[in-house]
J.: 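Submitted below is the structure of interest, expressed as structure tokens.
Only a predicted model underlies this, so the values are computations on that prediction, with no experimental measurement involved. Convention: sequence-line order gives letters A, B, ...; per-chain numbering from 1. Hydrogens, waters and symmetry mates play no part in the numbers below; they use all other heavy atoms, side chains included.
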Amino acid sequence: MMYPNQKFSLFVDPNNSGGRKARRMISNGIIYTILIIISMIWILPFLYLILQSFGTRYEAALIVPKEFTLNNYRALFDTSFTMNLEGEAIIIAKTYPFWRWYLNTLCIAATVSVLNTVLTLISAYSFSRLKFKARKAYMKLILVIGMFPGFLGMIITYFILKQVGLNSGTPALVGLVIVNISGCVMGYYVAKGYFDTISTSLDEAAMIDGANKNTIFWKVIMPLSKPIIVYTILLAFTGPWGDYMFASVMAGGDANLFNVAVGLQQMLGKEAGTSYFPIFCAAAVIVSIPIMTLFFCLQSYYVEGVTGGAVKG
Amino acid sequence: MTTIEYLSLPAYKKFLYKLLSFFTAIPKAIGNFFSDKVASLFSKLGKALVNYFVGIYEIFVGGDWKTKTSFFVMGFGHITRKSLIKGFMYLIYEIAFIVYFITAGVGSFAKIGTLGYFSQTSQYYDASIDQYVTVTVSNGDDSLLLMMTFVLSIILILIFIFLWSVQVRENNELENLGKIGRGLTDKDTIKSLGGRNFHKVLLAFPTLGLCVFTILPLIVMILVAFTNYSSEYLNPRHLFDWVGAYNFQKLFGIAGDGGAAFVYVFGQILIWTIVWAVFATFTNYFMGMVVALMINKKGIKFKKLWRTVLVTTIAVPQFISLLFLSRLLGDGGGINTLLINAGVIDTPIKFLSDGLIAKITIIVVNMWIGIPYTMLMCSGLLMNIPADLYESARIDGANPFKMYTKITLPYMLFVTGPYLISSFVGNINNFNVIYLLSGGNPMFTNYNGNMIDPGKVYNAGRTDLLITWLYKIVMTSVNKDYGVASVIGIVVFIVVASFSSIAYGKSNAVKNEGDFQ
């Protein structure tokens with residue numbers, strides 16, 4: 001890309017072409033070296049993580065553990081499995097109910113991804129296609145509200161959810177879903193940018209054929225917007241997995257209501273030392289698997305969304 | 001400085017000049033915002049409102065008895081003119097509004113001045129047992145609930161005025177249609193929901209969510225900034241009260257027991273937040289672009305492999321990488337142990353326990369997390385640059401570096417302007433990277449090297465951002481001072497608003513030149 005096509009060799013001094021070739025070889029060689037180093041920097045920590053998840057205990061001095069075991073994985077799920085940590089026999093799955101956190105996060109992520117996608121797309125469509133009176137003002141309002149840190153209102157949101165009884169026990173998870181989807185009209189930018197690129201003449205043609213706005217949305221716009229739909233679902237699904245702030249407020253210290261991010265952070269907390277590290281690594285592998293699978297299946301859509309989103313803001 | 005003088009400066013001075021002018025523009029931009037934009041907005045709004053209500057007055061004077069009645073009974077005109085659904089909905093809103101005000105609204109207006117009369121618990125001295133006894137008052141007030149009811153009342157009043165005026169105008173329209181023998185029925189109402197009023201159907205639910213769970217909490221929380229609400233006044237057992245600008249004074253050390261230490265901590269955190277946002281945004285952006293350029297370079301093989309390697313790391317949830325690295329980079333963590341064993345160092349490097357090193361570590365780790373993402377974004381965009389630009393540059397004798405600074409960079413900055421702004425704002429509020437990596441540690445020390453009492457500065461640490469500090473005040477500090485938390489939130493808003501308003505202005509100026517369109 002950076003260099004001209006071969007047809008431009010016409011302009012290059014033929015005596016010098018050998019020198020150019022050598023220079024290019026050297027520069028390519030440097031780039032290969034850098035790329036290999038970069039790949040190692042990015043991949044090795046994860047290899048280390050996977051290896052450690054099979055270790056019997058954490059030994060910082062060893063890259064590859066001495067003995068391999070599956071106990072760390074078993075300890076996460078088996079409530080009758082006792083593990084020996086720092087001279088104490090602990091049932092990990094009871095003190096740190098990882099399977100519960102996993103289930104919580106999965107349920108929340110699934111619900112949020114469906115609701116969030118629907119709400120985001122219909123908001124984006126409204127802002128892109130329905131030229132109603134307050135459109136510009138509404139978008140400006142969203143811009144201003146977005147400048148406040150989202151966490152600021154969380155104390156009051158928690159209070160509101162408490163008034164309707166959604167703050168403790170399993171209902172708190174419903175509360176967390178509500179918190180996650182409540183501001184989704186504010187995430188309309190990327191999808192709106194995509195809808196803007198779809199030609200309005202399609203709408204007009206459908207309108208002449210007697211379709212109303214509702215039919216146009218479902219029958220004309222939606223079938224053309226597969227990449228952005230998949231992208232929105234993917235982002236909405238992965239969001240709750242990494243949410244720490246809101247999940248920790250809603251859980252209020254109840255270990256059964258944690259999501260994986262809060263739970264694993266607590267597990268690695270200061271007093272636990274490094275003895276939980278292999279178990280954390282095992283949990284990390286299990287958490288990463290569904291998201292990675294999803295990512296690799298939908299990679300092309302993701303790339304399209306990222307590139308489009310960057311341009312349209 | 002004139003244009004000629006500016007153009008004759010060397011490149012680095014030009015850059016410094018631009019940087020300086022950016023920061024000096026901040027106060028001016030804020031001033032302009034209030035003097036020009038806000039003032040003209042209010043005068044425009046005022047005129048529009050006056051015209052609107054004069055129109056409504058004329059409707060009252062010229063209308064028939066049905067229209068006149070609907071000034072008092074909302075929807076009366078609609079119901080008597082066969083538009084039943086709309087009419088009854090207006091009527092129901094009016095009734096609900098009145099009921100709400102009789103039961104809760106009026107009370108909140110009366111009590112808002114003191115945030116309640118009686119607390120839900122009261123203490124009295126019982127001489128027979130020589131102790132203070134706490135009793136619960138059944139109908140005591142709840143300050144926070146009161147404040148929320150008050151804000152809700154104001155919102156409902158505004159909605160009421162809006163709906164009332166809309167239904168009056170609709171009545172007028174119906175009356176006029178009636179005069180020429182036509183009308184609007186329920187059928188038309190339903191039909192318009194699929195066409196002219198489709199946005200109301202689509203946006204109803206998202207807007208409701210936004211109002212109840214984002215706007216209402218935000219307004220109440222901003223009001224909390226002017227109260228002494230904290231865990232000392234644990235709601236709802238005790239009442240809290242208005243304290244004016246006390247919390248703002250606390251931030252600047254004028255009031256409260258934080259004193260100079262608090263001002264110092266606040267200043268440090270504010271500066272670090274901005275420094276962090278600048279570094280985090282631009283290191284990722286430029287390094288990601290460089291990696292993308294290397295992978296996309298002609299003659300480099302296995303393009304897909306390199307890209308897949310980096311994309312793998314996007315697929316791993318961020319919090320896992322962060323928690324993992326926080327352990328690995330600890331004083332006794334994997335990296336230090338390996339380095340000591342290899343004989344590279346003798347004493348552990350304080351990756352996360354020394355203020356300055358921790359800040360550098362955080363920025364580097366953020367690069368590790370963010371570069372794959374920007375690489376992905378940039379490599380998509382780099383392919384869009386017209387290849388003939390490079391070809392003609394080569395013919396003119398430009399070297400690769402020149403081509404990068406004169407073609408690639410301007411193009412990329414041009415198309416990714418909005419992305420840079422939003423990622424800057426995102427980094428100011430980047431909670432996860434800081435909190436999961438360093439937890440805001442190490443703690444602050446004063447000039448003697450003694451630790452500043454964490455209780456006085458609400459557990460603030462040297463690597464805390466404003467947003468993690470806010471979180472700590474609300475969640476982990478002993479005395480949860482919600483008032484100060486709210487003030488910090490407002491500071492974040494001011495920082496974000498001033499930066500993005502200037503940046504949007506600049507990026508619009510770029511757009512107008514239309515170089516690449």
Side-chain angles (χ1 to χ4, degrees), chain A residues 1-4 8 11 24 28 31 34-35 38-39 42-43 46 49 60-61 119 122-123 125-126 130 132 145 147-149 151-153 155-157 159 178-179 181-185 212-214 241-242 244-245 248 261 264-265 268 277 284 287-288 291-292 295 299 303 306-307 310-311 313, chain B residues 144 194-195 198-199 202-203 206 209-210 213-215 217-218 220-221 291 294 296-300 306 309-311 313 315-320 323-324 327 333-334 337 341 376-377 380-381 390-391 394-395 400 415-416 418-419 422 429 431-432 436 467 470-471 474 482 489 492-493 496-497:
Chain A
M1 278 254 314
M2 290 279 299
Y3 294 94
F8 280 93
F11 297 98
R24 179 176 290 179
N28 277 3
I31 287 175
I34 296 173
L35 283 178
I38 285 176
S39 307
W42 260 274
I43 283 297
F46 290 112
L49 185 140
L119 294 177
I122 60 176
S123 321
Y125 175 77
S126 311
L130 309 172
F132 55 98
I145 293 171
M147 288 175 183
F148 283 98
F151 188 73
L152 186 59
I155 305 142
I156 311 296
T157 309
F159 183 77
I178 292 175
V179 170
I181 62 164
S182 63
C184 61
V185 63
N212 65 6
K213 293 262 169 67
N214 189 27
W241 290 85
Y244 183 91
M245 290 177 109
S248 63
L264 291 180
Q265 202 263 355
L268 274 187
F277 194 70
V287 171
S288 306
I291 295 180
M292 266 179 128
F295 236 85
Q299 200 184 335
V303 175
V306 165
T307 334
V311 180
Chain B
L144 196 57
F198 191 42
H199 65 276
L202 291 189
L203 286 177
L210 188 75
F213 293 105
T214 308
I215 297 180
L218 213 54
V220 175
M221 200 58 202
V291 174
M294 287 198 290
N296 283 356
K297 186 177 180 282
K298 210 174 210 173
I300 296 292
W306 306 122
V309 165
L310 292 185
V311 170
T313 61
V316 178
Q318 227 186 57
F319 81 93
I320 283 182
L323 283 174
F324 173 66
R327 284 283 126 172
T337 318
N341 283 0
L376 207 61
M377 183 197 86
L381 292 174
Y390 290 114
E391 279 158 16
R394 247 202 89 77
I395 294 166
V415 293
T416 56
Y419 162 80
S422 62
N429 290 324
F431 174 83
N432 274 15
L436 297 182
I467 187 76
L470 198 166
Y471 179 86
V474 172
Y482 298 108
V492 173
F493 170 75
V496 171

J.: Just how far is it from atom CG of A:Leu264 to atom CG of B:Leu323, taken to the nearest 0.5 Å?
T.: 7.0 Å
J.: Let's test your reading of the structure: which of B:Leu470, B:Asn341, B:Asn432, B:Val316 forms the most heavy-atom pairs below 4.5 Å with chain A?
T.: B:Val316
J.: Check whether B:Val474 gets within reach of chain A through its side chain, its backbone, both or neither, counting any heavy atom under 4.5 Å.
T.: side chain
J.: Does any heavy atom of chain A fall under 4.5 Å from the side chain of B:Leu210, the backbone, both, or neither of them?
T.: both
J.: Taking the side chain as every heavy atom from C-beta outward, state whether B:Leu202 and A:Lys213 have any pair of such atoms under 4.5 Å apart.
T.: no
J.: Report the distance from atom CZ of A:Arg24 to atom NZ of B:Lys297, rounding to the nearest 0.5 Å.
T.: 6.0 Å
J.: Chain A: which of B:Gly209, B:Gly334, B:Ala315, B:Pro317 shares the most heavy-atom pairs with it under 4.5 Å?
T.: B:Ala315
J.: Output the option from B:Ile215, B:Thr214, B:Leu218 having the highest count of non-hydrogen pairs under 4.5 Å with chain A.
T.: B:Leu218
J.: Can you tell me how the ring of B:Phe198 sits relative to the ring of A:Tyr125, calling it parallel under 30°, perpendicular over 60° and tilted otherwise?
T.: perpendicular
J.: Quick check on A:Leu130 against chain B: is it the side chain, the backbone, both or neither that has a heavy atom closer than 4.5 Å?
T.: side chain
J.: Taking every heavy-atom pair that is under 4.5 Å apart, which of B:Ala497, B:Gly380, B:Pro206 has the most such pairs with chain A?
T.: B:Pro206
J.: Identify which part of B:Phe431 has an atom lying under 4.5 Å from any heavy atom of chain A, answering side chain, backbone, both or neither.
T.: side chain
J.: Would you compute the distance between atom CG of B:Leu310 and atom CH2 of A:Trp42 and round it to the nearest 0.5 angstrom?
T.: 6.5 Å
J.: Rounded to the nearest 0.5 Å, how far does CD1 of A:Ile156 lie from CG of B:Leu144?
T.: 4.5 Å
J.: Give the intermediate values and the outcome of side chain to side chain contact (heavy atoms under 4.5 Å, CB included) for residues B:Leu203 and A:Ser123.
T.: CA-CA 6 Å; B:Leu203 286 177; A:Ser123 321; 4.0 Å; yes
J.: Within the distance-only criterion (no hydrogens, no angle test), does the side chain of B:Arg327 pair as donor or acceptor with the backbone N or O of A:Leu268 below 3.5 angstrom?
T.: yes
J.: Considering only heavy atoms, which portion of A:Ile43 lies under 4.5 Å from any heavy atom of chain B: side chain, backbone, both, or neither?
T.: side chain
J.: May I ask you to name which of B:Val220, B:Ile320, B:Val496 has the most heavy-atom pairs under 4.5 Å with chain A?
T.: B:Ile320
J.: Which answer fits A:Ile155, side chain, backbone, both or neither, if we ask what part of it has an atom under 4.5 Å from a heavy atom of chain B?
T.: side chain
J.: From A:Ile34 CD1 over to B:Trp306 CH2, what is the distance, rounded to the nearest 0.5 angstrom?
T.: 11.0 Å
J.: Drop me the distance from A:Leu152's CG to B:Tyr482's OH, to the nearest 0.5 angstrom.
T.: 13.0 Å
J.: Highest number of heavy-atom pairs under 4.5 Å with chain B: which of A:Asn212, A:Ile145, A:Val179?
T.: A:Asn212
J.: Counting heavy-atom pairs closer than 4.5 Å to chain B, which one of A:Gly153, A:Pro149, A:Ala284 comes out on top?
T.: A:Pro149
J.: Check each atom of B:Leu436 against the heavy atoms of chain A and say whether the ones under 4.5 Å are side chain, backbone, both or neither.
T.: side chain
J.: Which answer fits B:Phe319, side chain, backbone, both or neither, if we ask what part of it has an atom under 4.5 Å from a heavy atom of chain A?
T.: side chain
